[in-house]
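Any value given below was found using the heavy atoms of this structure, including those in side chains, with hydrogens, waters and symmetry copies removed. Computed from a predicted structure; not experimentally measured. Every number for a ligand or one of its atoms is a count from 1 in the order of the listing.
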Amino acid sequence: MLSPRTHTCGVFRAQHVGADVVVQGWAQRVRDRGGVVFLVLRDRTGTVQVTIDERSPEAVREAAKRIAQEYVLQVKGSVVERYKPNEEMQTGAVEIVATDLEVLSSTRPLPFSISGETDAGEDTRLTYRYLDLRRPTLQHNLRLRHDAVLAVRNTLSEQGFLEVETPILTRATPEGARDYLVPSRVHPGQFYALPQSPQLFKQILMVAGYDRYFQIARCFRDEDLRADRQPEFTQIDLEMSFVTRDMVMAVAESIARAMWHTTRGVDIGDIPRMTWHESMARYGVDAPDLRFGMTHVELTVTVAASTFPPIANALSEGGIVKGFVVEGAAGDTSRKVFDAWTTFVRNYGMGGLLWGKVDGGDLTGPAKKVLDDAGTLIDALGASDGDVVLIGAGDAPSVHAGLGRLRVHVAKERALIPEGEFAFCWVVDFPMFEPADDGAWTPMHHPFTAPRAEDLELLGTDRMGDILSDAYDLVCNGSEIGGGSIRIHREDVQARVLDAIGIDADEAKARFGFLLDALAHGAPPHGGLAFGLDRCIAILCGADSIRDVIAFPKTTSAQCLMTDAPDVVPSADLDVLHIATTAEG
Ligand code: ASP
């Protein structure tokens with residue numbers, strides 16, 4: 001019979017010696033040492049040793065023979081001092097001598113061991129997620145997630161933010177991904193979209209006078225998944241009225257500080273800022289990892305006179321040349337490694353990699369051919385004897401991407417990234433638009449981001465590429481963990497921006513008429529930001545994948561292996577939705 005427990009397993013210390021207790025939990029370990037059974041009992045708070053020996057009644061000694069790992073047990077007994085304390089266990093000063101033992105539940109054979117790290121494949125872990133979630137790592141991660149979210153809620157509430165829920169069944173928000181659609185039964189042929197973010201609702205809450213909004217919001221994006229993406233994920237979403245970019249960034253910093261301080265005891269210090277152009281020039285990416293060097297050096301001017309075809313061709317086509325130095329790597333970088341790095345950058349569209357070693361003030365390898373005077377190139381790069389230099393030439397996006405990713409790849413390969421460090425930075429002044437494949441312009445953030453006031457006149461001209469936006473991204477260890485912007489709060493400006501990206505008045509009215517209407521009814525200047533909560537927690541936990549910080553994640557092919565979703569549904573269910581499927585079932 002279930003009795004109320006007196007203690008949880010993880011609390012026991014020397015001060016409990018002499019207490020009569022009732023504990024419940026899972027049998028993490030059962031060892032039978034010639035009639036003396038040692039049982040490690042576990043619940044969410046930790047583990048405690050239970051001993052069943054000659055001090056226990058005969059019936060209990062018999063029952064102990066029938067228990068196995070992961071059985072659910074109730075133990076009554078008294079706490080005694082351990083003859084030999086176990087320093088590795090938090091409760092290791094004591095143990096419980098059982099006077100009563102009841103099996104509350106047994107288990108089928110376990111598909112994998114759950115007492116520590118497991119080498120079970122991820123598919124098995126996801127199928128038996130309830131067992132995987134019992135493992136200490138995941139228990140730790142979900143606990144940390146709770147602590148982080150609580151800290152965020154508290155800090156935002158203290159700063160006057162109201163938590164408001166926004167709809168899940170809604171219409172498309174243009175965050176750049178495909179929507180998940182939900183058919184309407186009541187309105188045949190019509191669909192809701194699941195929100196890619198609460199963007200439009202939070203802006204409308206500002207028009208409605210709510211001043212400071214936040215939400216721990218679930219967002220849905222139907223895109224091909226990578227390690228750090230899930231079809232549904234969580235954002236810390238916020239919006240503020242009557243604010244400048246600096247004011248939103250200050251609130252965002254308070255959130256990051258609260259999360260890092262509460263869960264890791266880390267003071268993240270002042271967060272440096274750099275412009276998007278600076279980030280691309282020095283790191284090749286818009287989310288730079290500042291934990292290590294190897295920053296890129298612009299060489300386009302230095303090598304302007306080069307006749308070496310890869311350089312001369314790139315420059316004649318309006319491309320760029322830049323490079324970086326791997327200090328002291330000459331001795332242990334073989335031809336094979338250079339070949340692998342060359343293949344690596346080709347995946348990002350670079351034609352090749354001009355590598356070389358600095359030796360006696362001269363260069364070896366293809367880099368030697370870049371300039372007749374190797375010394376000039378070595379000086380421009382800031383390289384010294386024994387260093388490796390890596391140079392790329394070609395169109396700017398490919399060179400930035402190739403060398404940017406290579407910088408991180410080399411740092412990982414050569415173990416140059418310090419463990420346990422968090423390097424934050426803000427990236428600001430993003431271009432408002434980027435060229436799309438069809439030659440049109442598409443917004444780099446979303447089309448509700450405000451252009452800088454001084455660039456407004458460039459809208460719709462041939463200088464669209466020069467317009468900067470009032471957007472900002474927060475980066476930690478090379479991952480974008482948050483991003484947002486000051487919004488357009490005037491209907492006429494919003495209509496001009498939509499028009500400039502090829503959304504004419506009719507389409508704008510059809511898709512975002514409700515937002516344009518709202519903006520025409522007294523909209524305050526406003527701005528906001530969203531943190532990717534899963535990514536923040538993964539960084540805080542040191543997890544490789546956000547799947548390790550989400551209780552019930554999906555696979556990279558967007559399936560839930562535990563529930564087997566998505567699944568076919570009876571055709572009668574489709575009929576009421578007025579839907580016929582063409583897929584083979
Ligand atoms: N809605 C944006 C996003 O989901 C964030 C923002 O601008 O607040 O990325």
Side-chain angles (χ1 to χ4, degrees), residues 152 156 161 163-168 170-180 193-207 210-223 228-241 243-253 255-256 276 286-287 426-434 442-452 468-476 479-489 494 497 511-512 515 519 523-536 546:
V152 170
L156 286 174
F161 284 79
E163 186 166 9
V164 181
E165 287 163 89
T166 55
I168 295 295
T170 176
R171 57 184 304 145
T173 28
E175 297 281 359
R178 197 183 291 275
D179 291 312
Y180 278 100
L194 304 184
Q196 293 188 32
S197 83
Q199 184 63 37
L200 301 179
F201 287 103
K202 67 175 171 174
Q203 289 191 236
I204 286 173
L205 283 169
M206 295 304 103
V207 181
Y210 282 77
D211 203 80
R212 291 183 162 210
Y213 139 96
F214 86 99
Q215 182 178 193
I216 309 298
R218 198 67 70 81
C219 306
F220 306 84
R221 298 184 190 176
D222 186 3
E223 42 194 356
D228 58 349
R229 294 266 168 97
Q230 281 280 302
E232 53 181 306
F233 58 94
T234 307
Q235 284 187 346
I236 304 166
D237 194 48
L238 64 91
E239 196 74 9
M240 307 164 70
S241 291
V243 283
T244 60
R245 141 175 128 177
D246 285 350
M247 291 159 81
V248 183
M249 289 163 79
V251 169
E253 289 191 13
I255 292 177
W276 179 87
D286 60 6
W426 281 107
V427 178
V428 297
D429 292 346
F430 284 78
M432 176 88 183
F433 304 104
E434 56 189 343
T442 157
M444 209 172 223
H445 276 76
H446 48 62
F448 315 109
T449 299
R452 288 193 318 179
L468 297 182
S469 72
D470 229 345
Y472 30 79
D473 276 1
L474 183 58
V475 175
C476 176
S479 280
E480 180 204 324
I481 59 166
S485 59
I486 296 301
R487 324 297 183 188
I488 298 166
H489 73 282
Q494 185 64 74
V497 166
R511 289 173 61 189
F512 321 113
L515 176 75
L519 294 182
H526 60 286
L529 158 139
F531 276 88
L533 177 66
D534 309 296
R535 209 174 285 180
C536 289
I546 61 168

Using a 4.0 Å cutoff against the non-hydrogen atoms of [X], which atoms of ligand 1 qualify?
X      : answer
Gln235 : 3 (C), 4 (O), 9 (O)
Leu529 : 8 (O)
Ser197 : 1 (N), 4 (O)
Arg487 : 6 (C), 7 (O), 8 (O)
Gly484 : 6 (C), 7 (O)

Exercise. Given that the side chain starts at C-beta and the backbone is N, CA, C, O, which of these parts of Gln203 lies under 4.0 Å from ligand 1, counting heavy atoms, or is it both or neither?
Worked result: neither
For this session: Of the side chain and backbone of His446, name the one, both, or neither that has a heavy atom under 4.0 Å from an atom of ligand 1.
Result: side chain
Can you tell me the protein heavy atom closest to [atom] and the distance?
atom                   : value
atom 8 (O) of ligand 1 : Lys202 NZ, 2.7 Å
atom 5 (C) of ligand 1 : Gly483 O, 3.5 Å
atom 9 (O) of ligand 1 : Glu175 OE1, 3.7 Å

Indicate whether any N or O donor in one side chain lies under 3.5 Å from an N or O acceptor in the other, for [X] and [Y].
X      : Y      : answer
Ser197 : Gln235 : no
Asp179 : Gln196 : yes
Tyr213 : Asp237 : yes

Problem set entry | ligand 1 N/O within reach of Ser485 N/O, cut-off under 3.5 Å | no
Exercise. Out of curiosity, is Glu480 lining ligand 1, as in a heavy atom under 4.0 Å away?
Worked result: no
Exercise. Could Arg178 and Glu223 be called an ion pair, given the rule that one side-chain N must be under 4.0 Å from one carboxylate O?
Worked result: no
Exercise. Is it true that Arg245 and Asp470 make a salt bridge, defined as a side-chain N closer than 4.0 Å to a carboxylate O?
Worked result: yes
Problem set entry | Whether Phe214 and Phe161 hold their rings parallel, tilted or perpendicular, with breakpoints at 30° and 60° | perpendicular
Exercise. Does OH in Tyr210 sit with more than 12 non-hydrogen atoms of other residues, nucleotides or ligands closer than 6.0 Å?
Worked result: no
Exercise. At their closest point, which heavy atom of Val251 faces which heavy atom of Leu156, and how far apart are they?
Worked result: CG1-CD2, 3.8 Å
